[in-house]
Amino acid sequence: MTFRDFNLDPQLVEGLDAMGFEKPTPIQEKAIPLILDKKNLIACAQTGTGKTAAFILPVLHNLLVNGSKGINTLVLAPTRELAMQIDQQIEGFSYFTNATSIAVYGGGDGQTWVQQKRALAQGADIIIATPGRLISFLGSDKVDFSSLKHLILDEADRMLDMGFFDDLMKIIKQLPEKRQNLLFSATMPPNIKKLASKIMPHYEEVAISISKPAEGINQQAYMTHDSQKEPLLLGILRDKTYKSVIVFASTKEKVKNLTRSLKKQGEEVRQFHSDLEQIEREKLMQQFKGKNVRILVGTDILSRGIDVEGIDLIVNYDVPPDPEDYVHRIGRTARAESTGTAITFINDKDIKRFMGIEKLIEKAVPKLDLPKELGRGPDYKDRPRSSHRGGRSKGGGGKSKSRNFRKGRR
Ligand code: AMP
């Protein structure tokens, strides 16, 4: 199948050719015909599967065929990074068209607020917004949604996790009732169906193998005590064939401390978390995308939606709390059929969690031996529930079948 089979407007096909998109991804194959057919849709697809093009191409096609006056499409997304990224993709696809889009998201200074307000009042064919920010503009009667034809909720599960349900309903109340609704979500918990039933009477459902990391990701893990994590990471980072690296840690504090230690060791590293000003986050993302920063250490704020090409390595310094987050984190690498490596450090407290991840992805992730000089890590087996205090000493020598960990890379 090729994009030509969808009979999309030639200007869009030209845009796709220019972007080097040759054939549709599975979610695009399934969703595009239904959206062109004006159906409401729940689509289960994670970031990295090509979901943005799946919902934007048919919307742009309709815009080109039917023309538009006023705001035609509203895309709601959980984070400013994702909103900006969707906007950038729209710019790419609509390069050979007259379609216009604006992104409206929080952060920034008073000037940004004024600019966004003005842009909203002037209107654009497609508005991409984070819910909280859009609400702050809705009091103004200058935002006119009366000609809206499509509502898209992207990463709907994430928006609900972030507590946006009421905001979403408030926004949706202001939209014309007759519209097409497209709800994209990486996971399908019951509250997504509840949301769907509130906003659309009938819908089609499409799913592609949810919760399965892309094939191109080489997943590995190390069993480590906490004290072994930092030297292990430093050893891995010494491999300069990893040119673009993201390290995920569980808390802001950990991110800050780890960044500090890596810097002390001479690594070129920056931190990414919610304490950073929006402007700093954008600048940092640009530097990382431009390959001017090699290593980003961040919290899960980095794990969703960030579309950076050519990330070679993801390190989970801690096992993510939720198995789905694992899929999101490692999905930062091997995007759109490229390859990449994802390495997870598992301490003895996180074994059960990691077992949950392996169950979800239906795959056992190979556990590599620690490099000899680090000693031995915990064993990968479920811990008994008793409060037994004995056990092996941390990182103790013992009998180790460890080998030089650089050989562990495949
Ligand atoms: P998304 O899941 O929408 O975040 O897309 C992930 C990445 O895949 C983005 O960089 C897209 O530009 C890229 N992509 C989406 N669809 C295709 C396609 N059909 N062919 C090649 N790359 C694609």
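All values below come from the heavy atoms of this structure, side chains included, with hydrogens, waters and symmetry mates left out. Counting convention: from 1, in listed order, for ligands and their atoms alike.
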Exercise. Taking everything shown except N191 itself, do over 12 heavy atoms lie less than 6.0 Å from its CG?
Worked result: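 Yes.
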
Contacting atoms of ligand 1, where contact means under 4.0 angstrom from a heavy atom of [X]:
{"X": "T52", "value": "1 (P), 3 (O), 4 (O)"}
{"X": "F3", "value": "19 (N)"}
{"X": "T25", "value": "16 (N), 17 (C), 18 (C), 19 (N)"}

Problem set entry | Proximal candidate to atom 17 (C) of ligand 1 [heavy atom criterion; set F184, F21, F93] | F21

Problem set entry | Pair E358-Y326, side-chain donor/acceptor within less than 3.5 Å | no

For this session: Would you check if there is a donor-acceptor pair between the side chains of R270 and Q287 at a distance under 3.5 Å?
Result: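 Looking only at side-chain atoms, R270 and Q287 do form a donor-acceptor pair, the distance falling under 3.5 Å.
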
For this session: Consider every N or O of G50 and every N or O of ligand 1, then say whether any pair is closer than 3.5 Å.
Result: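 In this structure, G50 places an N or O atom under 3.5 Å from an N or O of ligand 1.
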
Exercise. For the ring pair F21 and F93, is the centre-to-centre distance below 6.0 Å?
Worked result: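 Yes, the ring centres sit under 6.0 Å apart.
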
Exercise. Are the aromatic ring centres of Y317 and F248 under 6.0 angstrom apart?
Worked result: no

Exercise. At a 4.0 Å cut-off, with the gap strictly under it, does some heavy atom of K23 reach an atom of ligand 1?
Worked result: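 So K23 counts as touching ligand 1.
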
